[in-house]
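Working notes for the structure below.
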Amino acid sequence: MAAMHPRTIVHIDLDCFYAQVEMVADPKLKDKPLGIQQKNIIVTCNYPARARGVHKLMYINKVPKVCPDLIIRDGSNLKRYREASEKILDHLRGWTPEVERLGMDEFFLDVTHMVADEQEKMEKKLDFVGHVYRGETLTLIETQTRNESHVPSCTAKVHHCRCGCYQRLMTGSHIAQRIRTSLYQTLGYTASAGISVGKMIAKLSGELKKPNQQTTMLPAYIDGFLAPLRVRKIPGCGYSTSKKLASLGIETVTQLRNLSKQKLIKAVGAQIGGRLHDLAFGLDTSHVVATVREKQMSEEDSFKSCTAIDDVALRILSILRPLLERVRMRFQKHGDLPSTLRLTIRDRLSHQKTEQSKINTSGGAYFTTRTSRQTTIPLGFFHPENKKQEGYCVDHLMKLFFKMIPRKNQRFHLTLINVAVARFQAFGGAGKLGKQHGIDSFFIQSPTKTAPSSEDNIPTTRMAHLEHVKHTTDATRISQTARKRKFKTPPSFFRPRPPVQCTSGERAPQPERRQPAEQPVEPEPVTAEEIDALYITAARVTP
DNA sequence: ATGGGTCCT
DNA sequence: AGGACCC
């Protein structure tokens with residue numbers, strides 16, 4: 001008979017990640033209370049700070065009362081955190097290629113093969129390392145401090161699963177320990193880890209003992225561990241789903257187990273419902289999907305108020321520049337470029353006191369809906385040698401903005417702007433030009449005179465000119481169609497993946513959605529005056 | 001809330 | 001394009 005719990009999954013969670021990156025970079029901070037600030041919030045803090053009563057997402061104005069000597073570092077530039085996360089990802093890949101990243105600071109590792117290799121070499125371990133969950137009444141026990149034989153008699157009956165997972169998890173606990181130790185010794189980072197037979201339970205296990213500790217969860221204890229948990233604790237059951245469940249009177253996993261799968265699916269949909277039902281019983285066959293590269297990149301800024309067009313242009317530009325820098329870095333490293341550009345905004349005036357703004361039970365905070373528009377851009381547009389990409393991008397993004405705020409005198413009150421690029425495709429060689437055509441043909445355009453449409457006034461101010469961009473489309477259409485042929489048949493980099501092997505009992509992989517055929521669009525030409533206007537604006541962004 | 005990301009509908 | 005989820 002096939003093993004009931006064939007896999008060994010390790011979940012690694014870096015301790016207070018942003019704060020740790022700062023402490024590794026500047027060891028003086030290590031034993032002092034440290035908080036990381038973004039806007040008016042301490043988004044995370046180290047453990048000395050937590051001991052003083054500082055916590056995540058604490059408003060900065062509360063800090064003086066609880067910890068007046070808190071050292072505060074600005075965390076609004078994520079660059080170093082991203083880089084640290086990449087280093088950690090690479091390090092973990094040195095142990096196994098099967099590493100999946102979640103956010104910047106969490107990683108799933110499927111160590112099934114590592115466990116098998118180790119067991120083949122007759123290197124069977126006689127005990128666990130780290131904590132092992134043994135139920136509520138027994139509490140967690142630090143295994144090194146116990147003085148017992150390798151199968152503790154008091155619990156022998158309960159955790160002796162005949163499928164062999166007991167030995168595999170024991171080996172897995174040692175692998176997790178080695179990984180954590182090497183992570184600390186090579187990069188200086190401490191992490192907490194959970195070890196079990198599935199992703200969800202490994203993740204939940206790791207949360208039991210933090211920081212810099214690890215916990216193994218044996219299958220025999222999974223049901224009992226999950227039973228009293230609030231459904232909201234289950235990964236995948238977020239704010240909205242837990243509210244829907246609460247309206248059915250369901251707040252705990254035990255209550256969830258007593259709801260039929262049919263009713264659950266009716267309440268929250270087939271995908272989430274089916275998965276939640278399984279997870280309630282600890283059944284989790286989801287795979288560790290090796291993380292490759294980001295599928296999109298975005299930069300955003302939130303603020304109290306942005307109500308003027310020129311302010312929009314200004315903020316877009318200041319967001320755009322670091323994003324373009326990231327696109328360049330990625331191109332140097334991987335030789336791919338994005339072909340989608342997206343603008344997302346949060347507009348208070350569009351969502352005022354409508355049903356779209358919900359009240360959060362905990363803080364009474366507002367969730368205002370974001371709206372977005374995106375456009376396809378020719379491959380090569382983001383090539384580092386396209387000197388006008390900044391100008392073209394602002395042009396495109398302002399057009400996208402006017403798609404969302406269409407009326408000329410429409411008032412708006414933005415509180416967030418996000419610019420994203422997506423749909424990366426290989427382009428030439430890393431950092432090299434597409435030699436066959438000459439890179440210039442992809443984006444260099446002769447200046448095109450724009451003619452204002454008849455009823456429009458010719459803009460007299462710089463910012464009116466920026467707004468004017470949205471009316472220039474017709475005048476440039478002829479030159480567009482003339483050049484369109486060049487982009488008619490872009491190389492397709494969406495090759496079908498080889499079929500994934502599916503062992504019996506495991507969930508079949510989701511069929512991949514077809515990408516619609518690409519029809520790249522020319523960037524709108526920008527006049528010399530518009531470029532000038534942009535650069536006057538740009539000069540104001542970085543004085 | 002922040003400033004990112006993912007996948008599903 | 002939006003919604004829900006994750007950190």
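Letters go in sequence order (proteins before strands), and every chain restarts at 1.
For Phe382(A) and Tyr392(A), the gap between ring centers reaches or exceeds 6.0 Å.
Straight-line distance from the NE2 atom of His287(A) to the P atom of dT6(B): 21 Å, rounded to whole Å. Regarding His55(A), its NE2 atom lies at a distance of 13 Å from the C1' atom of dA1(B), rounded to whole Å. In this structure, CE of Met200(A) is placed 16 Å from C1' of dC5(C), rounded to the nearest angstrom. A straight line from CE of Met297(A) to P of dT6(B) spans 10 Å, rounded to a whole angstrom. Across the protein-nucleic acid pair, Arg370(A) atom CZ and dG3(B) atom C1' stand 8 Å apart, rounded to whole Å. One atom, CZ of Arg232(A), and another, C1' of dC7(C), lie 12 Å apart when rounded to the nearest Å. Note: CD (Gln37(A)) to P (dA1(B)) measures 18 Å, nearest angstrom. At whole-Å resolution of the value, CD1 in Ile234(A) and C1' in dA4(C) are 16 Å apart.
For Ser240(A), whose side chain is taken as the heavy atoms from C-beta onward, the closest listed nucleotide among dG3(B), dA1(B), dA4(C) is dA4(C). Closest to the side chain of Ser372(A), out of dC5(C), dT9(B), dG2(C), is dG2(C). Among the nucleotides dC5(C), dG5(B), dT2(B), the one closest to any side-chain atom of Gln38(A) is dT2(B). The Thr369(A) side chain lies nearest to dG3(C) when the options are dG3(B), dC5(C), dG3(C). Closest approach to the Tyr239(A) side chain among dA1(C), dC5(C), dA1(B) is made by dC5(C) (side chain taken as heavy atoms from C-beta onward). Picking from dG4(B), dA1(C), dG3(C) the nucleotide with the shortest atom distance to the side chain of Arg373(A) gives dA1(C). The nucleotide whose nearest atom lies closest to any side-chain atom of Glu299(A) is, among dT2(B), dG3(B), dG4(B), dG4(B).
Under 4.0 angstrom from either OP1 or OP2 of dG5(B) there lies at least one side-chain N or O belonging to Arg326(A). Between Ser298(A) and dG5(B) there is a side-chain N or O to OP1 or OP2 distance below 4.0 Å. Put simply, Lys39(A) has no side-chain N or O that comes within less than 4.0 Å of OP1 or OP2 on dA1(B). Under 4.0 angstrom from either OP1 or OP2 of dG5(B) there lies no side-chain N or O belonging to Gln296(A). A close approach under 4.0 Å does occur between a side-chain nitrogen or oxygen of Ser302(A) and OP1 or OP2 of dT2(B). At dC7(B), one or more side-chain N or O atoms of Lys295(A) fall inside 4.0 Å of OP1 or OP2 (strictly under the cut-off).
Under the ring-ring contact (aromatic ring centres under 6.0 Å, His included) criterion, Tyr18(A) pairs with Tyr81(A), not counting sequence neighbours.
Atom CZ of Arg293(A) is surrounded by more than 12 heavy atoms from other residues, nucleotides or ligands within 6.0 Å.
Among the heavy atoms of the strands, none lies under 4.0 Å from Arg342(A). Contact annotation for Glu106(A): backbone-only contact, meaning every heavy-atom pair under 4.0 Å involves sugar-phosphate atoms and none involves a base. Contacts of Lys203(A) with the nucleic acid, taken as non-hydrogen atoms under 4.0 Å apart, involve only primed sugar atoms and P, OP1 or OP2.
Of the inter-residue distances, the one linking Ile377(A) atom CD1 with Cys393(A) atom SG reads 5.5 Å to the nearest 0.5 angstrom.
Ion pairing of Arg101(A) with Glu106(A) is absent here, as no side-chain N (NZ or NE/NH1/NH2) approaches a carboxylate O to less than 4.0 Å.
In this structure, Tyr133(A) and Tyr221(A) have perpendicular ring planes: the angle between them is above 60°, well past the 30° mark. Ring-plane geometry between Tyr189(A) and Phe17(A) is classed as tilted, the angle between the planes lying from 30 to 60 degrees on a 0 to 90 degree scale.
Of the two residues contacting DNA chain B, namely Arg293(A) and Ile272(A), the nearest-nucleotide position lying further toward the 5' end is that of Arg293(A). The residue among Gly269(A) and Phe303(A) whose nearest nucleotide of DNA chain B lies closer to the 5′ end is Phe303(A).
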Do Glu390(A) and Leu317(A) pass the side-chain contact (heavy atoms from CB on, under 4.5 Å) test, and can you show the C-alpha distance, the side-chain angles, and the key distance before you say yes or no? CA-CA 8 Å; Glu390(A) 204 174 79; Leu317(A) 187 57; 3.8 Å; yes
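For DNA chain C, the neighbouring residues in residues 76-105 of chain A, judged by any heavy atom under 4.0 Å, are Asp105(A).
Legend: side-chain hydrogen bond (donor to acceptor under 3.5 Å, both in side chains) pairs involving residues 36-45 of chain A, not counting sequence neighbours, sorted by first then second residue: Lys39(A)-Asp301(A).
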